[in-house]
Amino acid sequence: MKKILLTLLLAVPAMLCAQEKECNFRWTADSSYCAYNLRGDLYVKDRAGKVTRITTDGSDVILNGYASWVYFEEIFGRPHDYCSFWWSPDGKKLAFYRYDDSEVPMFPIYSPFGQDGTLRRTHYPKAGEKNPEVRIGFVDLSKARVRNGTVRPRDIVWADFDPTADQYFGIPFWGADSRHFYVGREPRIQNTYDLYEVSSADGSKRAIYHETYKTWLDWPDDMLFSDTGLYMVRAFETGWEQIYFLSYDGKVFRRLTDGENWNTRLIRRDPSNGDIYFTSQRDSRVRQSLYRLSPDSNVVAVTDPAYNVDRVSIPEDCSSISAVLSNARTPNFKWKDGECDIPAVPDTLAMPEIIGIQAEDGQTMYGSIIYPLGFDPAKKYPVHIEIYGGPGTQYVQDRWRKPNQWWSENGIIHLTADVRVSGHTGRAGTDLDHKDLTTSAIKDFCTWAEWLRSLPYVSKIGVEGFSFGGTNTALLLLDHSDLFCCGIAGGGVYDWMLYDSHYTERFMSTPEDNPEGYADKVLDHVKNYPGDGSVMLRLTHGTGDDNVHFQNTLQLVDALQRAGKQFELMIYPDGMHGYRGAQGVHSWESDKLFWLKYLKN
């Protein structure tokens, strides 16, 4: 849900790729072979241009090495561009996922362009619906027999998983020996994670790691590998993220860190001494720093925790370190091996301040507030609040982003507000979303509004959000018009039954397991919205959105119209999950007019 910009760049070309042309070219390490996708099948080409077809059953619903939509969006991520095959380190074996979308419902997305328009068909499993069945295959090109340019089907080895089980597989990786393939698995209710070692020779599997948690588990990311095992970040034990070592045979598992770590990313392991370099929000809840973890579990900050670290670069031998540092009031500057020149703070811009207020249970919620230049606390100012409010997604970070001066120039206080589930307080915050994705966030955004209203210089409050932020914005206007006078909700989910299975059920569990949670739809809150023009809700959506379907906004529009409620609507033909180009320009200009009309005046 939060991959907005990548959606715009990748979604349509990638969807066409599976049907129309060769794509996802991936070479072996020695450039001997290149694998690629074409019309649901997997092919390999050698340096001389000789093509070998690996699979032959590809179709609109059978995808070999090309991810089904829910894997593309929620498990692999859009930067993978649907690629779902992996070369072994020795370049002789190819592993791939085979997806069967035969029973996955097809969602049609209509484009109005051309005389007759077109339909884009996506097999998109919504909450409670059938997911793709997945098999994991291996081909050893040094042994497979090829007939008429095609690998014999019996020379494809299949991993010993039941493809009919209701399950998900994560991003896999090869062992250094090119014999074993490591695959993570979660069941449909995503509170258990298992890691398996799979033999590429016969498909047999062996469980080497098992993890459970009371709410949900995210997939491991940014693993590091050594000769004896792997390093990974997990958040199941202390309420915060910790770094663990797991031996490849599963016999050794130990925690290497303590403390309040969040948004932790493993960067590099020093081969000479075993030190681990990682970034994390460890000394600050709103800034990441670079740290070095020694084999004896000593953690040392490499960069100054007063600045956020980004774009860390460490070569394989760890002979040098470079990064970009900043904070909300200090522009980006280069840092290398401890040397840097810190730039002066701009004095001509309205600059943000990082603030915090207490939620009802004492957890701290963070915000970034920008007061207009020449701010006078004796005067009254309207406030614009930017929100998201989805689990584990922080909008408030103490890093440099050149502040938008339009708000200051028009005498509007601008606040970006996070809530408990945003992740600044670890799992104590994020777990509040279990089986109920909006109640906690809505309560916290209202706490922000009440805090603002207690300030003598605040007049009216408007709110804006996109995607999950659109969902929360709509609820705030519908249910809390006493606090918010206007809002813009873009690309929101207004009924969790209309969003994809993996994301929704990770937090909400399945509709069968949590019928009460799914019964609470934004659509049913329309009755609480005044709808007489005293407050104003504006809805926006792209009709081509393959992530949060336009269907959501259409159903909310229908509910508002049937209830006789007044609202504003802006749609973007073929617009995706976020607006770019001319649509992006139009959206911003149109939004400014809205704020001047309903918030400033």
Side-chain angles (χ1 to χ4, degrees), residues 1-2 214-216 239 262 285-286 355-369 383-396 415-455 458 460-489 492-496 499 504 506-509 514 516-530 535 537 556:
M1 175 174 278
K2 58 190 177 185
K214 61 183 179 181
T215 58
W216 69 83
W262 204 252
R285 301 274 60 86
V286 292
I355 60 174
I357 66 171
Q358 300 300 304
E360 62 179 11
D361 61 359
Q363 293 189 46
T364 300
M365 303 186 296
Y366 291 90
S368 174
I369 194 165
V383 180
H384 170 265
I385 308 180
E386 181 182 7
I387 68 170
Y388 187 76
T393 300
Q394 299 175 359
Y395 266 29
V396 179
L415 171 68
T416 302
D418 275 345
V419 291
R420 287 174 291 176
V421 301
S422 301
H424 297 286
T425 55
R427 297 223 67 156
T430 59
D431 284 349
L432 293 170
D433 263 350
H434 188 227
K435 293 192 173 183
D436 183 348
L437 274 170
T438 55
T439 297
S440 173
I442 293 300
K443 185 179 296 183
D444 291 348
F445 287 128
C446 288
T447 298
W448 275 108
E450 289 162 354
W451 172 77
L452 287 168
R453 289 185 61 173
S454 73
L455 302 175
V458 169
K460 297 189 293 185
I461 302 172
V463 61
E464 177 176 17
F466 193 90
S467 194
F468 211 126
T471 305
N472 285 321
T473 295
L475 276 172
L476 290 170
L477 264 293
L478 298 180
D479 287 348
H480 300 282
S481 58
D482 57 324
L483 295 174
F484 302 91
C485 70
C486 56
I488 300 177
V493 175
Y494 304 123
D495 178 348
W496 287 111
Y499 197 55
T504 307
R506 184 190 321 162
F507 312 112
M508 292 281 284
S509 190
N514 182 24
E516 298 84 2
Y518 284 90
D520 185 13
K521 309 175 190 299
V522 176
L523 305 173
D524 295 332
H525 292 249
V526 165
K527 61 182 179 293
N528 301 323
Y529 174 59
V535 300
L537 171 63
L556 181 53

Excluding sequence neighbours, so at least two apart, what forms ring pair (Phe, Tyr, Trp, His ring centres under 6.0 Å) with [X]?
{"X": "Trp262", "answer": "none"}
{"X": "Tyr518", "answer": "none"}
{"X": "Phe507", "answer": "Trp216, Tyr503"}

For [X], which residues count as a salt bridge (charged side-chain N to carboxylate O under 4.0 Å, His left out) partner, sequence neighbours excluded?
{"X": "Lys460", "value": "none"}
{"X": "Asp444", "value": "Arg420"}
{"X": "Lys527", "value": "none"}

Nearest heavy atoms of [X] and [Y], plus distance in Å:
{"X": "Ala441", "Y": "Val419", "value": "O-CG1, 4.0 Å"}
{"X": "Gly389", "Y": "Phe445", "value": "CA-CZ, 3.9 Å"}
{"X": "Leu523", "Y": "Asp495", "value": "CD1-CB, 4.2 Å"}
{"X": "Ser467", "Y": "Tyr388", "value": "CB-CE1, 4.2 Å"}
{"X": "Val463", "Y": "Thr473", "value": "O-CG2, 3.7 Å"}
{"X": "Ala489", "Y": "Ala474", "value": "CB-N, 4.0 Å"}

Sequence-distant partners of [X], side-chain hydrogen bond (donor to acceptor under 3.5 Å, both in side chains), two or more places apart:
{"X": "Asp524", "value": "none"}
{"X": "Thr425", "value": "Gln363"}
{"X": "His384", "value": "His414, Glu464"}

Are [X] and [Y] packed together at the side-chain level, in the sense that at least one heavy-atom pair is separated by less than 4.5 angstrom?
{"X": "Thr439", "Y": "Leu432", "answer": "no"}
{"X": "Leu437", "Y": "Trp496", "answer": "yes"}
{"X": "Lys443", "Y": "Glu360", "answer": "yes"}
{"X": "Thr393", "Y": "Ser422", "answer": "no"}
{"X": "Trp451", "Y": "Thr447", "answer": "no"}

When rounded to the nearest 0.5 angstrom, what distance separates [atom1] in [X] from [atom2] in [Y]?
{"X": "Met365", "Y": "His424", "atom1": "CE", "atom2": "NE2", "value": "10.5 Å"}
{"X": "Ser440", "Y": "Asp433", "atom1": "OG", "atom2": "CG", "value": "6.0 Å"}
{"X": "Tyr395", "Y": "Ser368", "atom1": "OH", "atom2": "OG", "value": "13.5 Å"}

Item to check | CA sep, side-chain torsions, deciding dist, call: Leu556, Val526, side-chain contact (heavy atoms from CB on, under 4.5 Å) | outcome: CA-CA 8 Å; Leu556 181 53; Val526 165; 3.7 Å; yes
Can you list the residues that meet the side chain to side chain contact (heavy atoms under 4.5 Å, CB included) rule with [X], with sequence neighbours excluded?
{"X": "Asp479", "value": "Leu475, His525, Asn528"}
{"X": "Thr215", "value": "Tyr213, Arg427, Asp431, His434"}
{"X": "Thr364", "value": "Gln358, Tyr366"}

Checklist entry - Sub-3.5 Å donor-acceptor pair from the side chain of Thr416 to the main-chain atoms of Glu386, do we have one? => result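 No; zero donor-acceptor contacts below 3.5 Å.
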Item to check | Criterion side-chain contact (heavy atoms from CB on, under 4.5 Å) against Leu476, the qualifying member of Leu537, Ile387, Ile461, Leu483 | outcome: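 Going through Leu537, Ile387, Ile461, Leu483 one by one, the side-chain contact (heavy atoms from CB on, under 4.5 Å) with Leu476 is satisfied by Ile387 alone.
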Next on the checklist: Could you walk me through whether Trp448 and Ile357 satisfy the side-chain contact (heavy atoms from CB on, under 4.5 Å) test, starting with their C-alpha distance in whole Å, then the side-chain angles of each, then the deciding distance to 0.1 Å, before giving a yes or no?
Outcome noted: CA-CA 8 Å; Trp448 275 108; Ile357 66 171; 3.6 Å; yes
